[in-house]
Amino acid sequence: MESRIMLLLLLGVTMMMFCEPTAGAVYEVGGAAGWTILGNVDYKAWAASKTFRLGDVLLFKYNKAFHNVVRVTHENFNACNATGGFYTLASGNDSVVITSPRTHLYFICGFPGHCQAGQKVDIRVVDDGCAPTMPAISPVPSPALPPPPPPPPSPVASPPSLAPSPSLAAEAKKSESASLRAFSWVLCLAFFVVAAA
């Protein structure tokens with residue numbers, strides 16, 4: 001019995017060291033400029049310079065009197081059509097958690113002329129195999145908004161333009177981080193299995 005308690009304590013300390021929540025990165029859409037039509041923000045270049053993964057958070061900051069965020073289909077993204085979007089966010093400080101790998105998320109501003117002026121972004125989500133599987137994409141809207149409907153199957157689109165490949169050092173760091181996250185999950189699972197036994 002005493003050895004079991006010691007083992008649980010050892011695993012508990014190990015869990016505290018390695019089993020921190022693996023929260024994703026937070027990306028403020030548009031960087032310092034935010035979600036706007038002012039300043040000629042190139043949202044395509046901004047998104048291409050990032051690697052979006054499961055668990056990451058997209059933060060849309062904007063003046064709610066002049067903008068909103070509408071998640072749309074690929075076709076409506078290309079046509080700048082906000083009608084029939086999956087959901088509309090309008091708080092001025094909206095977060096969307098990426099909960100599905102290997103997908104594209106299309107967002108536009110639904111105010112007249114804004115999408116045509118370039119206020120739209122295509123978020124390509126990669127699958128690095130490190131994060132746990134979660135359900136479909138879900139925004140974190142303001143409390144007044146109803147829950148969004150489930151997303152339709154991803155449309156068949158032309159291959160996405162690829163961003164320039166990052167340096168080898170950056171790739172090595174990502175791989176090391178992914179390995180550490182996977183190791184953390186294994187340790188957490190081992191702790192709970194032993195604790196339950």
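Below, all heavy atoms of this structure are taken into account, side chains as well, without hydrogens, waters or symmetry copies.
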Return the CG to CZ distance between Asp127 and Arg102, rounded to the nearest 0.5 Å. 4.5 Å

Sequence-distant partners of His114, ring pair (Phe, Tyr, Trp, His ring centres under 6.0 Å), two or more places apart: His67, Phe111

According to side chain to side chain donor-acceptor pair (under 3.5 Å), who are the partners of Asn78, at least two apart in sequence or on a separate chain? His74

CZ (Phe66) and CD (Gln119) are apart, to the nearest 0.5 Å, by 12.0 Å

If you take all heavy atoms of Gly55 and Val97, which pair is closest and at what distance? O-CG1, 4.4 Å

Taking the side chain as every heavy atom from C-beta outward, state whether Lys44 and Asp122 have any pair of such atoms under 4.5 Å apart. no

To the nearest 0.5 angstrom, please state how far the CG atom of Leu105 sits from the CZ atom of Arg71. 5.0 Å

Residue that, paired with Lys120, satisfies side-chain contact (heavy atoms from CB on, under 4.5 Å) out of Phe77, Phe107, Tyr106, Tyr43: Phe77

Which heavy atom of Ser95 sits nearest a heavy atom of Leu59, and at what distance? OG-CD1, 3.5 Å

Counting only N and O atoms by type, is there a donor-acceptor contact under 3.5 Å from the side chain of Tyr87 to the main-chain atoms of Val72? no

Residue pair Ala47 / Ile123: nearest heavy atoms and the distance that separates them: CB-CD1, 4.4 Å

Is the side chain of Asn76 donor-acceptor paired with the backbone N or O of Thr73 at a distance under 3.5 Å, no angle test? no

Could you check whether the SG atoms of Cys115 and Cys109 sit less than 2.5 Å apart, since that is the cutoff I want to apply? no

Steps toward side chain to side chain contact (heavy atoms under 4.5 Å, CB included) verdict (Leu89, Val96): CA-CA 10 Å; Leu89 305 172; Val96 177; 3.7 Å; yes

Side-chain donor-acceptor pairs of residues 27-40 under 3.5 Å, sequence neighbours excluded:
from  : atom 1 : to    : atom 2 : distance (Å)
Tyr27 : OH     : Thr51 : O      : 3.3
Trp35 : NE1    : Asn68 : O      : 2.8
Thr36 : OG1    : Leu38 : N      : 3.0

